Amino acid sequence: MTNSEVRSKKRKKSSKHHAPNNNHHGDEEQELPSSDSAKRAKSSKPSKPSGFLEKMRARLSGGHFRMLNEKLYTCTGKEALDYFQEDPSLFNLYHAGYQTQMSNWPEQPVNVIIKWLRKQNPSFVVADFGCGEALIANSVKNTVFSLDLVSNDPKVIACDMANAPIVSSSVDVAVFCLSLMGTNYQSYIQEAYRVLKPGGWLLIAEVKSRFDPNTGGADPEKFSKAILELGFNSVKQDFSNKMFILFYFTKKEKKNSKKNIEWPMLKPCLYKRR
Ligand code: SAH
């Protein structure tokens with residue numbers, strides 16, 4: 001999501017919309033809840049120090065989130081794994097900021113994927129590449145391999161998803177929901193190809209601005225072509241959502257012979273300080 005997308009969404013956001021618990025993280029423009037404003041108006045001494053501290057805290061964690069986000073979009077999966085393994089607490093910090101950003105989106109791509117999964121065969125085995133807080137595993141009855149760089153939950157397997165500890169041709173659905181972050185993103189898709197059964201589904205949700213050639217984004221057709229050349233059929237591309245694109249592919253029954261696939265660069269999705 002680009003900064004301008006966040007901003008344009010924010011402008012439209014109605015005052016009734018609030019992130020659940022953590023909307024102070026990284027959000028310098030946050031409005032105070034109306035009860036606080038009322039208290040301030042009545043009090044002769046405005047509660048400046050705590051307001052100031054709150055603001056500073058929000059700035060610090062917002063800054064930290066942006067730094068981690070930039071790191072993930074500009075390094076390889078291996079580097080990201082080493083980085084988070086050194087200090088796993090950074091993962092929670094990242095996800096607090098991530099949730100704040102996502103609370104500005106009218107629809108969460110992960111929910112669209114969950115809805116889709118619920119309509120499929122419940123015996124489908126799913127691999128959620130870059131699962132974050134394992135929302136898919138916690139929302140469907142299917143067997144789900146949830147993979148991410150850090151595991152704070154016994155359901156999550158900590159790994160670099162370019163090397164998933166999953167048996168080849170054993171999975172019916174591979175999901176990447178906003179997780180093609182590393183500069184070597186093609187190796188994640190190759191790994192999904194390996195673990196998928198022939199005929200298995202590959203679902204990719206990505207930030208729309210990363211696929212806007214007018215602003216330096218990749219051409220979605222080139223991205224799709226590379227995946228077809230790897231050995232998939234394109235079933236559907238859903239551009240209907242304002243913030244993200246959803247690609248649906250199925251793995252071909254026979255392996256493709258194309259060797260030098262041209263993978264377009266996917267530009268990082270960075271957030272500027274607001
Ligand atoms: N799919 C989740 C989380 C999206 S945030 C959701 O939609 O809610 C992207 C996630 O991808 C982050 O948790 C990040 O740690 C993970 N990720 C990025 N690169 C990774 C890699 N190489 N291996 C495993 N996980 C990765």
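In what follows, every heavy atom counts, from backbone to side chain, and hydrogens, waters and symmetry copies are set aside. In each ligand, atom 1 is the first atom listed, and ligand 1 is the first ligand listed. Along the sequence shown, the residues carry numbers beginning at 1. These figures come from a predicted structure and were not determined experimentally.
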Problem set entry | Atoms in ligand 1 flagged as close to M181, the criterion being non-hydrogen separation under 4.0 Å | 9 (C), 18 (C)
Exercise. Is there side-chain contact between L117 and V173, with heavy atoms separated by less than 4.5 Å?
Worked result: yes
Problem set entry | Nearest protein heavy atom with distance in Å, relative to atom 14 (C) of ligand 1 | D148 OD1, 3.4 Å
Problem set entry | Separation of Y193 OH from F249 CZ (nearest 0.5 Å) | 14.0 Å
Problem set entry | F129 touching ligand 1 at heavy-atom level, < 4.0 angstrom | no
Problem set entry | Minimum side-chain heavy-atom gap L81-C159 below 4.5 Å | no
Problem set entry | Any C159 heavy atom less than 4.0 Å from ligand 1 | yes
Problem set entry | Parallel, tilted or perpendicular, as decided by the 30° and 60° cut-offs, for the rings of Y185 and W263 | perpendicular
Exercise. Okay, side chain of K208, backbone of F239: is any donor-acceptor separation there less than 3.5 Å?
Worked result: yes
Problem set entry | Test item: F176 and L202 side chains (from C-beta on) under 4.5 Å apart, heavy atoms | yes
Exercise. Considering only the protein, which heavy-atom contact is closest to atom 6 (C) of ligand 1, and what is its distance?
Worked result: Y98 OH, 3.8 Å
Exercise. What protein heavy atom sits nearest atom 1 (N) of ligand 1, and how far away is it?
Worked result: G130 O, 2.8 Å
Problem set entry | Min N/O separation D160 to ligand 1 under 3.5 Å | yes
For this session: Provide the number and element of each atom of ligand 1 under 4.0 Å from a heavy atom of C177.
Result: 1 (N), 2 (C), 4 (C), 7 (O)
Exercise. Is the closest heavy atom of A80 to ligand 1 under 4.0 Å?
Worked result: no
Exercise. Quick one: which ligand 1 atoms are inside 4.0 Å of a heavy atom on V110?
Worked result: 7 (O)
Exercise. Relative to the ring of Y94, is the ring of F65 parallel (under 30°), tilted (30 to 60°) or perpendicular (over 60°)?
Worked result: tilted
Exercise. Going by heavy atoms in the side chains, are Q99 and E133 under 4.5 Å from each other?
Worked result: yes
Exercise. When you measure from atom 26 (C) of ligand 1 to each heavy atom in T76, I157, L149, which option holds the nearest one?
Worked result: L149
Exercise. Hey, does L90 have a side-chain heavy atom less than 4.5 Å from the side chain of F84?
Worked result: yes
Exercise. Quick one: does Q108's side chain get under 4.5 Å of M243's, heavy atoms only?
Worked result: no
Problem set entry | Ligand-side contact atoms (ligand 1) for residue partner G77, heavy atom cut-off under 4.0 Å | 22 (N)
Exercise. With atoms numbered from 1 as shown, which atoms in ligand 1 lie under 4.0 angstrom from a non-hydrogen atom of L178?
Worked result: 9 (C)
Exercise. At what distance is the nearest protein heavy atom to atom 19 (N) of ligand 1, and which residue and atom is it?
Worked result: M161 CE, 3.9 Å
Exercise. Looking at ligand 1, does Y188 have a heavy atom less than 4.0 Å from it?
Worked result: yes
For this session: Compute the shortest N/O to N/O distance between F91 and ligand 1 and return yes if it is under 3.5 Å, no if not.
Result: no
Exercise. Can an N or O of H95 be found at a distance shorter than 3.5 Å from an N or O of ligand 1?
Worked result: yes
Exercise. Less than 4.5 Å apart, any side-chain heavy atom of V126 and any of T143?
Worked result: no
Exercise. Where on P109 is there a heavy atom closer than 4.0 Å to ligand 1, on the side chain, on the backbone, on both, or on neither?
Worked result: neither
